[in-house]
2 protein chains.
Amino acid sequence: MFAIGQASRQSGVNIETIRYYEREGIVPAPGRSAAGRRLYSTEEIAMLRFVRRCRDLGFPISVIKTFLSLSGQDDRRCAEVKILADDHLSQISAKIETLTRLQDALANLSRNCDAGTAACPMLEALMQDGFGADEAG
Amino acid sequence: MFAIGQASRQSGVNIETIRYYEREGIVPAPGRSAAGRRLYSTEEIAMLRFVRRCRDLGFPISVIKTFLSLSGQDDRRCAEVKILADDHLSQISAKIETLTRLQDALANLSRNCDAGTAACPMLEALMQDGFGADEAG
DNA sequence: TCTAATTCCTGTAGCCACTACAGGAGCAAG
DNA sequence: CTTGCTCCTGTAGTGGCTACAGGAATTAGA
């Protein structure tokens with residue numbers, strides 16, 4: 001059995017985050033020593049590692065909870081897991097698309113700045129029908 | 001002068017968000033009617049629209065505050081704007097890279113599931129040195 | 001055996017950028 | 001005069017942590 005610090009080092013999950021997961025019922029509460037300190041088994045540490053891997057893949061906690069409940073079942077409900085994963089995958093793809101469009105838009109705005117004119121073309125573009133210094137002058 | 005609902009519709013900023021921006025000092029507090037209702041000028045609405053455009057481009061509020069303070073100045077400090085924008089741009093690029101790697105990893109995991117074996121290969125992979133049903137059996 | 005450093009405990013507050021109420025007041029149209 | 005819309009303030013919730021404060025226990029070394 002391991003103290004929380006060791007569990008943290010072995011699982012890669014921050015100590016405060018481990019306690020947070022316990023509070024939120026994402027992982028079950030471990031046993032305690034006589035003095036009230038948390039004691040983790042290797043299985044419990046593996047579970048923390050699992051949560052971390054899922055988080056690294058960007059899965060939200062709600063989905064990870066479902067994974068954990070499915071992982072207890074005999075066939076592990078592969079179809080359900082796949083649906084959740086593919087859904088997440090498409091969300092990631094959508095995010096990439098959005099960001100790529102942002103990237104383009106920003107790069108365009110930034111390029112205009114290279115001229116180095118007096119009034120910043122970037123702010124001008126963003127203001128368009130403005131509120132800036134132009135109004136006053 | 002326009003009530004907050006109209007300002008919201010014209011700027012594309014949610015009513016609650018407008019009040020939030022005011023509370024946080026992101027935009028100045030507008031005048032009020034005799035009954036205490038907010039009244040916005042077209043310049044103030046343009047400013048809300050500016051904030052929204054920046055948010056749409058993913059700029060954090062802190063940077064937008066800087067933009068707004070720079071936009072009051074005569075030369076609009078183009079160089080500073082450009083630095084902030086390019087910094088943001090590189091953060092976006094980094095995020096895209098991360099997500100693309102995630103996308104690959106997830107797609108790989110999901111592909112394995114197509115076999116439709118009894119134990120879900122995806123959960124297996126994520127558990128690896130596990131805590132799941134295997135332990136018990 | 002004492003001490004100092006480290007680890008652990010609980011509980012609360014903060015982060016970001018909103019969003020969603022509750023509970024009440026004003027205001028415009030029929 | 002009523003109905004329904006808009007507006008007000010203030011507070012709490014979202015997600016997923018992270019960072020304290022203030023105290024107790026454990027461990028390593030002298």
Side-chain angles (χ1 to χ4, degrees), chain A residues 1-27 29-40 44-45 47-68 84 88 91-92 95 98-99 102, chain B residues 1-27 29-40 44-45 47-68 88 91-92 95 98 102:
Chain A
M1 300 297 253
F2 305 89
I4 197 169
Q6 297 215 273
S8 169
R9 259 164 272 135
Q10 286 181 44
S11 65
V13 181
N14 189 305
I15 290 180
E16 313 257 27
T17 306
I18 293 176
R19 288 197 278 247
Y20 164 75
Y21 285 166
E22 182 186 328
R23 267 200 310 284
E24 298 297 304
I26 295 151
V27 300
R32 299 273 182 145
S33 74
R37 295 184 167 206
R38 290 172 181 80
L39 291 176
Y40 293 87
E44 286 166 329
I45 291 171
M47 193 159 175
L48 288 169
R49 194 158 37 229
F50 173 82
V51 174
R52 198 184 100 87
R53 284 186 191 135
C54 291
R55 289 293 301 131
D56 284 350
L57 288 168
F59 283 106
I61 293 293
S62 57
V63 170
I64 298 175
K65 275 185 176 173
T66 307
F67 282 168
L68 286 171
L84 288 170
H88 180 50
Q91 280 176 44
I92 287 176
K95 212 172 271 178
T98 304
L99 286 174
L102 276 195
Chain B
M1 300 297 253
F2 305 89
I4 196 170
Q6 296 214 272
S8 170
R9 261 165 269 134
Q10 286 182 45
S11 65
V13 181
N14 189 305
I15 289 180
E16 313 258 28
T17 306
I18 292 177
R19 286 196 279 247
Y20 163 75
Y21 286 167
E22 181 185 327
R23 268 201 309 284
E24 298 297 305
I26 295 150
V27 299
R32 298 274 182 145
S33 74
R37 295 184 167 204
R38 290 172 181 80
L39 291 176
Y40 294 87
E44 285 166 330
I45 292 172
M47 192 158 176
L48 288 169
R49 196 159 36 229
F50 173 83
V51 174
R52 197 183 100 89
R53 284 187 190 132
C54 291
R55 291 292 303 131
D56 283 350
L57 287 168
F59 283 106
I61 293 293
S62 57
V63 171
I64 298 175
K65 275 186 178 174
T66 308
F67 282 169
L68 286 172
H88 180 51
Q91 281 177 43
I92 287 176
K95 211 172 270 178
T98 304
L102 276 196

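In the text below, chain A, chain B and the rest are named by the order of the sequence lines, each starting its count at 1. It should be emphasised that the depicted structure is a prediction, and the values quoted were computed from it without experimental measurement.
- Between B:Ile4 atom CD1 and D:dT9 atom C1' the separation is 12 Å, expressed in whole Å.
- Each of A:Ser33 and A:Pro60 was assigned the nucleotide of DNA chain D with the nearest heavy atom; the assignment lying further toward the 5' end belongs to A:Pro60.
- Atom P of nucleotide C:dC15 and atom CG of A:Asn14 are separated by 18 Å, given to the nearest angstrom.
- One atom, CD1 of A:Ile64, and another, P of D:dG15, lie 13 Å apart when rounded to the nearest Å.
- Evaluation of atom-type donor-acceptor distances gives a pair under 3.5 Å for the side chain of B:Arg37 against the base of D:dT6.
- For the atom pair CZ (B:Arg52) and CG (B:Leu57), the distance works out to 10.5 Å, reported to the nearest 0.5 Å.
- A:Arg38 has no side-chain polar atom (N or O) that falls below the 4.0 Å cut-off from OP1 or OP2 of C:dC8.
- For B:Arg32, the listed nucleotide lying nearest its side chain is D:dT9; candidates were C:dC18, D:dT9, D:dT18.
- Between A:Met47 and A:Ile26, the shortest heavy-atom contact is CE-O, 4.5 Å.
- The OH-C1' distance, from A:Tyr21 to D:dT18, rounds to 12 Å in whole Å.
- Spacing between atom CD of B:Glu22 and atom P of C:dA17 amounts to 18 Å, rounded to whole angstrom units.
- Here C:dA17 presents its C1' atom at 16 Å from CG of B:Leu57, a figure rounded to the nearest Å.
- Atoms CD1 (B:Ile15) and P (D:dT9) sit 13 Å apart, rounded to a whole Å.
- Residue contacts shown for A:Phe59 are absent, as no nucleic acid heavy atom lies under 4.0 Å away.
- Smallest separation of non-hydrogen atoms from B:Tyr40 and B:Glu44: CA-OE1, 3.4 Å.
- Between the side chain of B:His88 and the backbone N or O of B:Val63 there is no donor-acceptor pair closer than 3.5 Å.
- Distance, B:Gln6 CD to C:dC27 C1': 14 Å, rounded to whole Å.
- Contact annotation: A:Thr17 side-chain N/O to D:dT18 OP1/OP2 distance is under 4.0 Å.
- Checking the phosphate oxygens (OP1, OP2) of C:dC9, a side-chain nitrogen or oxygen of A:Arg19 falls inside 4.0 Å.
- Both A:Arg23 and A:Ala35 lie close to DNA chain C; mapped to their nearest nucleotides by heavy-atom distance, the more 5′-ward contact belongs to A:Ala35.
- In this structure, B:Arg9 and B:Glu16 both approach DNA chain D, and ranking their closest nucleotides by distance from the 5' end singles out B:Arg9.
- Contact detail for A:Ile18 and A:Ser11: the closest heavy-atom pair is CD1-OG, 4.4 Å.
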